[in-house]
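These notes concern the structure reproduced below.
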Amino acid sequence: MAQYIMKGGNPLVGEVSISGAKNAALGILAASVMADEDVLIENLPDVQDINMMLDAIREIGADVMRLDTHTVRINGKGIRELSVESENMTRIRASYYLIGALLGKYGRADVPMPGGCEIGQRPIDQHLKGFRALGAEVEIVNGRIRVESKKLRGEHIFFDVVSVGATINVMMAAALSEGRTILENAAKEPHIVDVANFLNSMGANIKGAGTDVIRIVGVPRFHAATYSIIPDQIEAGTFMFAAAITRGDIMVKNLIPKHMEAISAKLIEMGCEVLEFDDAIRVVGTPRLRPVNVKTLPYPGFPTDMQPQVGTAMALARGVSVLTESIFESRYRYLRELSAMGACSKVEGNTAIITGVEKFTGAEIHACDLRAGAALVLAGLAAEGITTISDIHFIQRGYEHFEEKLRALGAVIELANNERDLRKFMMVAG
Ligand code: EPZ
């Protein structure tokens, strides 16, 4: 099984360019099958979750033409199959977006229960509540979600919890239903806005995305469109924290500074210098970070997907930090891995008390999920000595060319596929 092997201690210095947003792209790819004309999607991130979604929509009959690594042309005209059988769709979370897309367009969908990172219970009741409100019959049988409706009608829907997935999913179905839908207590993440903009570019009538009330007037069909996906807020944040954790100096390019405000503010509080440009942010690390308190919240709060990265930085700060995870209940497993590197933390309920240490030391650890995996790589790059990280398939699901981007910043890191690769690394770098 592939592993990362790295020799820590080098501050990461230089420039890195951010790829398209994975979580926006997943919604956009699912929504693209709702048009019977050509839809051109640009700035697609080249990561495994995206490739799995492309395979799934190809399997149900969409015409999918990858024009280059980051550009795909999709036409949903040929879709014949409303039952999604792809084995991969049980592995990723975003498979649920095919429900909203197919229900909106054809009035029916049959999709396996979604997978994704094990970071909590992750119910989908709000998605189903929304589909039912639009007039769909919903049943869950043998691990599959079946939805069906003769006619979807707009409705006034109040979400009980703020959910990114439910907001996007119900917004997609409502965009092709009859009449007016109002989504209240909607999520406001940048990718909600991106998916709404994409739907509008195909002819949808959606207003208010990015606020907690989204108003949708259904249209009968979508048309051709060309759309470029926004930069990935979380990939950008991960590289910003890479500068803090390795005491480096990184210019993170091709991002939207507005999306990074909660992250920039925390880095400044921790003692880093953060310089903002039109579409870039430079983060200059400090010899010793200051402790801070962080609570994860829906956008514009501090993102849960940045919790392991800030937790890793706290573990190197001078003093005690308090970290509270308010979105997912099982997102602290990486702290156990960090403790093998010398970190000191205690978890009580959804709060972690992290006492910073002066340095980490290399260890054999494993990636627990996508974001935790990325944070542990940063820890390994800051640590004294050699670190190996297994289960890196989690990281490859969401970070494009992660090790290559890190190497360009001066990281000593290799992808090892076998014992021989590990030995070779040790001979050269060890
Ligand atoms: C999306 O997950 C992202 N995944 C996650 O990114 C991200 O962590 C999360 O949003 C929060 O920002 C994708 O976009 C594919 P939610 P999602 O519905 O949609 C509860 C990553 O690393 N809830 O906003 O599953 C839920 O349990 C991944 O890229 C319900 O109770 O998250 C959670 O506590 C990990 N009922 C909260 O809402 C529901 O029907 C927010 O979840 C839905 C959610």
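It should be emphasised that the depicted structure is a prediction, and the values quoted were computed from it without experimental measurement. Order of appearance sets the numbers: ligands from 1, and atoms from 1 within every ligand.
- For the residue pair Gln126 / Ser163, no side-chain donor-acceptor distance below 3.5 Å is found, with atom types taken as modelled.
- Distances from atom 29 (O) of ligand 1 to the heavy atoms of Glu235, Met53, Gln233, Arg371 put Arg371 nearest.
- Looking at Lys346 and Glu348, a side-chain N of the basic residue comes within less than 4.0 Å of a carboxylate O on the acidic one, giving a salt bridge.
- Both the backbone and the side chain of Asp125 come within 4.0 Å of ligand 1, judged by heavy-atom distances.
- Of the N and O atoms on the side chains of Tyr227 and Asp194, at least one donor lies less than 3.5 Å from an acceptor on the other residue.
- For atom 19 (O) of ligand 1, the nearest non-hydrogen atom of the protein is Tyr96 OH, 2.7 Å.
- Between Asp160 and Lys129, at least one side-chain nitrogen of the basic residue sits less than 4.0 Å from a carboxylate oxygen of the acidic one, meeting the salt-bridge criterion.
- Side chains of Ser17 and Glu15: no donor on one and acceptor on the other come within 3.5 Å.
- A donor atom on one side chain and an acceptor atom on the other are found under 3.5 Å apart for His156 and Glu184.
- Counted by atom type alone, Thr304 and Arg331 present one or more donor-acceptor pairs between their side chains at under 3.5 Å.
- For ligand 1, the atoms sitting less than 4.0 Å from at least one non-hydrogen atom of Asp305 are 5 (C), 6 (O), 7 (C), 8 (O), 21 (C), 22 (O), 28 (C), 29 (O), 35 (C), numbered in the order shown with element in parentheses.
- Counting heavy atoms only, Arg122 comes closest to atom 25 (O) of ligand 1 of the residues Arg122, Glu189, Gln307, Arg397.
- Annotation: atom 26 (C) of ligand 1 to nearest protein heavy atom, Phe328 CE2, 4.1 Å.
- At a heavy-atom distance under 4.0 Å, only backbone atoms of Val162 (N, CA, C or O) approach ligand 1.
- Among Ile234, Asp49, Val161, the residue whose heavy atom lies closest to atom 23 (N) of ligand 1 is Val161.
- Within the 4.0 Å heavy-atom criterion, neither part of Tyr399 lies near ligand 1.
- Within the 4.0 Å heavy-atom criterion, both parts of Gln126, backbone and side chain, lie near ligand 1.
- Between Gly165 and ligand 1, a contact under 3.5 Å exists for at least one N or O pair.
- Of the polar atoms of Ile327, at least one N or O is found under 3.5 Å from an N or O of ligand 1, judged by distance alone.
- For Val164, heavy-atom contacts with ligand 1 shorter than 4.0 Å involve the backbone as well as the side chain.
- Screening Lys105, Arg221, His223 for a side-chain hydrogen bond (donor to acceptor under 3.5 Å, both in side chains) with Asp36, the sole residue that qualifies is Lys105.
- Under the 4.0 angstrom criterion for non-hydrogen atoms, Pro123 is in contact with ligand 1.
- The aromatic rings of His127 and Tyr96 sit tilted relative to each other, their planes meeting at an angle between 30° and 60°.
- Ligand 1 lies out of reach of Lys129, whose nearest heavy atom is not under 4.0 Å from it.
- Under a 4.0 Å heavy-atom criterion, Arg331 is in contact with ligand 1.
- Taking a cut-off of under 4.0 Å to the non-hydrogen atoms of Lys22, the atoms of ligand 1 that pass are 21 (C), 29 (O).
- A donor and an acceptor atom, one from each side chain of Glu148 and Tyr106, are nowhere located under 3.5 Å apart.
- Between Thr304 and ligand 1, no N or O atom pair is found at a separation short of 3.5 Å.
- Side-chain contact annotation: Glu414 with Tyr4, donor-acceptor N/O pair under 3.5 Å absent.
- Each of the atoms 40 (O) of ligand 1 lies under 4.0 Å from some heavy atom of His127.
- Not a single heavy atom of Phe394 lies less than 4.0 angstrom from ligand 1.
- Residue contacts with ligand 1: Asn23 is placed with a nitrogen or oxygen under 3.5 Å of a nitrogen or oxygen of the ligand (distance criterion only).
- Using modelled atom types, one finds no donor on one side chain facing an acceptor on the other under 3.5 Å when comparing Asp212 with Asn185.
- In the model, Thr296 has no side-chain atom that pairs as donor or acceptor with a side-chain atom of Gln307 under 3.5 Å.
- When heavy-atom distances to ligand 1 are checked against a 4.0 Å cut-off, Leu370 comes that close only through its side chain, counted from C-beta outward.
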